[in-house]
Amino acid sequence: MTDAVDDRLDRAFQALADPVRRAMIARLSRGPATVNELAEPFPITTQAVSRHIQVLEQAGLVTRTREAQRRPVHLDAGALEELTAWIDRYRLVHEQSFRALDAVLGELGGSGHEG
């Protein structure tokens with residue numbers, strides 16, 4: 001893995017470490033939203049919400065566009081796919097190990113020997 005990919009992953013996982021930002025990502029998974037819409041469920045200022053969005057932008061997880069007077073925030077699904085792919089790579093390795101262990105245990109259990 002390249003340093004650039006590692007840096008992107010580091011920024012993304014650091015951004016997702018905050019529960020407010022994870023909730024924002026969950027909201028954005030349903031479609032774009034404005035800062036005010038993202039701020040609604042939280043007892044924090046819109047300025048604080050803007051800072052959270054900025055962290056998510058710097059991590060490459062969201063983008064903003066301009067539509068007349070609105071500046072909706074959009075989820076970058078590709079960035080989430082990169083995180084999921086990284087997680088899946090390690091999950092699959094462990095699943096293969098568990099399957100191999102299950103096969104060995106199955107052979108031991110099915111061999112007629114009792115403990």
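Just so you know, these numbers use all the heavy atoms, side chains as well, and skip hydrogens, waters and symmetry mates.
Note that the CZ atom of Arg51 and the CD1 atom of Ile53 stand 11.5 Å from one another [nearest 0.5 Å].
Taking both residues in full, the closest heavy atoms of Ala15 and Ala59 are given as CB-CB, 3.8 Å, listed atom of the first, atom of the second, then distance. Shown here for Ser29 and Leu75, the closest heavy-atom pair between the two residues is CA-CD2, 3.7 Å. Nearest heavy-atom pair across Leu9 and Trp86 is CD1-CD1, 3.4 Å. The two residues Thr46 and Ala39 have their closest heavy-atom pair at CG2-CB, 4.0 Å. Looking at every heavy atom in both residues, Arg21 comes nearest to Gln14 through NH2-O, 3.8 Å. Contact between Arg70 and Thr34 at its shortest, heavy atoms only, is NH1-CG2, 3.5 Å.
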Next on the checklist: Test side-chain contact (heavy atoms from CB on, under 4.5 Å) on His52 and Ile44; report intermediate values, then the result.
Outcome noted: CA-CA 11 Å; His52 282 296; Ile44 58 177; 4.0 Å; yes
Checklist entry - Does the pair Asp18 and Val55 meet the rule for a side-chain contact (heavy atoms from CB on, under 4.5 Å), with working shown? => result CA-CA 10 Å; Asp18 185 278; Val55 171; over 6 Å; no
Checklist entry - What do the steps show when you test Val73 against Leu56 for side-chain contact (heavy atoms from CB on, under 4.5 Å), and what is the final call? => result CA-CA 10 Å; Val73 181; Leu56 292 170; over 6 Å; no
Item to check | side-chain contact (heavy atoms from CB on, under 4.5 Å) between Val49 and Met24, intermediate numbers included | outcome: CA-CA 9 Å; Val49 169; Met24 288 179 178; 3.4 Å; yes
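The closest donor-acceptor contact from the side chain of Arg22 to the backbone of Ala17 lies under 3.5 Å. Side-chain atoms of Arg71 never come within 3.5 Å of backbone atoms of Arg64 as a donor-acceptor pair (strictly under, hydrogens ignored).
Connection of Leu38 to Ile25 is established within a shared hydrophobic cluster, with ILVMFWY side chains joined at heavy-atom distances below 4.5 Å, either directly or through further cluster members.
Using a 4.5 Å heavy-atom threshold, the side chains of Leu61 and Leu28 count as separate.
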